[in-house]
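As the structure is a computational prediction, the values presented were derived from the model and not from experiment.
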2 protein chains.
Amino acid sequence: MDQQTSGETSADNTVPDIVVARLPIYLRALATMQAGGKQYTSSQEMADLLGISSAQIRKDLSHFGEFGKQGTGYSISELHGRLRHILNLEHDWNLIVIGAGHIGSAVASYSGFEHRGFRVAGIFDNDPRKVGLSLGQFQVIDIRDLAFFVKQNQVKLAMITVPAPYAQGVADQCVAAGIHGILNYAPVNLSVPDHVNVQNIDPVLHLQHMTYYL
Amino acid sequence: MDQQTSGETSADNTVPDIVVARLPIYLRALATMQAGGKQYTSSQEMADLLGISSAQIRKDLSHFGEFGKQGTGYSISELHGRLRHILNLEHDWNLIVIGAGHIGSAVASYSGFEHRGFRVAGIFDNDPRKVGLSLGQFQVIDIRDLAFFVKQNQVKLAMITVPAPYAQGVADQCVAAGIHGILNYAPVNLSVPDHVNVQNIDPVLHLQHMTYYL
DNA sequence: CAGTGTGAAAGTCTTCACAGCT
DNA sequence: AGCTGTGAAGACTTTCACACTG
């Protein structure tokens, strides 16, 4: 996500968006190391693991402070904590999924959000035949209740997993409801106000990128 | 995340990977326009639609030839065809999915591959309880048959949807079987030889990127 | 005119290489 | 010795702006 994808929202900060985009990658590597019982690492070790140069890792981190010790490297748990803080991940964020089709169902039952800062709070659809159905631990909610639910649960992030022709309309509803970040699985470009961040996931884009080299 | 180009694509061989990554985005927009019955477009119109500057679109396309007409813009169907050619999408590619869990199942039944150059040819798992089960139109295949299947069906692309701890092992098997491109859904960094292209999809990375701005 | 294709300029990002700390 | 943090250099990417064309 490469892909492709633009972030760039609120120009309030001096840290390049491309640097911010790498922090979660560092965080993920640190979490894995920590789970393995490791205590210290170095920019070089992370570089080997991630295929990013050590200089870049050091430079990226230097935007936020000095977290390492010369000669020793970085304390994994400390750096992990710092990144969690920088990325606002010290508390979980509620998440909603809109579209109870194949992708939406898979996403809603995806265990990968746990321990990484997110919690699926609800899943929505506009199809009366789906509303009320149980999907894993969730009951599909009518999309008409979206705005109420978002306010009630202080939801800031939504994942859009509806068919392409409906995605823009759903995005508009999200924005109106107060959503600030959209992870869009529909293969279309969404247009949203500046204060809303959109990230896109379209596997076909990645595949088509690879076929160029085949 | 970078590779040498194959074959003959009329223009020079040194197209930046970042440019290649945008071509599928252009292709997607053109397909949408074409489906809407439109005949011509301009770099400015595409720019508005995609949030990319018109100069960049023209510059990107200029790496591959001159496809537009001054005063008129681009013929949508011609440009669409050119991009399909450049991206090697004139014929469909067989695709395999490894991991018959939630994500794998969703991916295997995703209708979005059709008409965009790909066809899921098989889905694999190592769990004997899953092997043989029907998943949509597919029967789950034993991963031991991976290499045979890949050769038999000339598969070049694989999607890895197994749990993180298994992903590297599966990637190694893919490489050994002759896979050239991997779309990795597991939240780990895969290490593969230079001739294999890896693209990653981890929704949590996108979400964590957005929380920075919340 | 409207809109492309493109050198040149501007801007951004990455790498180098080393002083300085532990 | 080992490794960070960082200015400066280098590489890469985007934008500008305009000659040119249908």
> My understanding is that only residues two or more places apart in sequence, or in another chain, count here; which of them pass side chain to side chain donor-acceptor pair (under 3.5 Å) with A:Arg84?
none
> What's the CD-C1' distance between A:Glu78 and D:dT4, to the nearest Å?
13 Å
> Which letter, B, S or -, goes with each nucleotide of nucleotides 9-18 of chain D from 5' to 3', with contact meaning a protein heavy atom under 4.0 Å?
----SSB-B-
> Need two values: the first and the last nucleotide of DNA chain C, 5' to 3', having an atom under 4.0 Å from any heavy-atom of chain A.
C:dC13 to C:dT22
> With B:Asp60, which residues qualify under side chain to side chain donor-acceptor pair (under 3.5 Å), at least two apart?
B:Arg22, B:Tyr26
> Considering only nitrogen or oxygen atoms on both sides, find all protein atoms under 3.5 Å from nucleotides 20-22 of chain D and state each distance.
| from | atom 1 | to | atom 2 | distance (Å) |
| --- | --- | --- | --- | --- |
| D:dT21 | O4' | B:Gln70 | NE2 | 3.4 |

> Among residues 31-47 of chain B, which residues get a heavy atom nearer than 4.0 Å to DNA chain C?
B:Ser42, B:Ser43
> Can you tell if the side chain of A:Leu27 reaches within under 4.5 Å of the side chain of A:Leu89, non-hydrogen atoms only?
yes
> Between A:Tyr213 and A:His209, what is the ring plane arrangement, given parallel below 30°, perpendicular above 60°, and tilted in between?
tilted
> Between the main-chain N or O of A:Ala100 and the side-chain N or O of A:Asp125, is there a donor-acceptor pair closer than 3.5 Å?
yes
> Go through the steps for A:Glu78 and A:Lys69 under the test salt bridge (charged side-chain N to carboxylate O under 4.0 Å, His left out), then give the verdict.
CA-CA 12 Å; A:Glu78 188 199 322; A:Lys69 283 195 176 62; 5.1 Å; no
> So, for A:Ile98 and A:Cys174, which heavy atoms are closest and what is the spacing to 0.1 Å?
CD1-SG, 3.3 Å
> Which value, rounded to the nearest 0.5 Å, describes the distance between B:Leu30 atom CG and B:Arg28 atom CZ?
11.5 Å
> Expressed as a whole number of angstroms, how long is the span from A:His63:NE2 to D:dG7:C1'?
13 Å
> Expressed in angstrom and rounded to an integer, what is the separation of A:Phe64 atom CZ from D:dT4 atom P?
17 Å
> Is there a donor-acceptor contact under 3.5 Å from the side chain of A:Asn94 to the main chain of A:Asn153?
yes
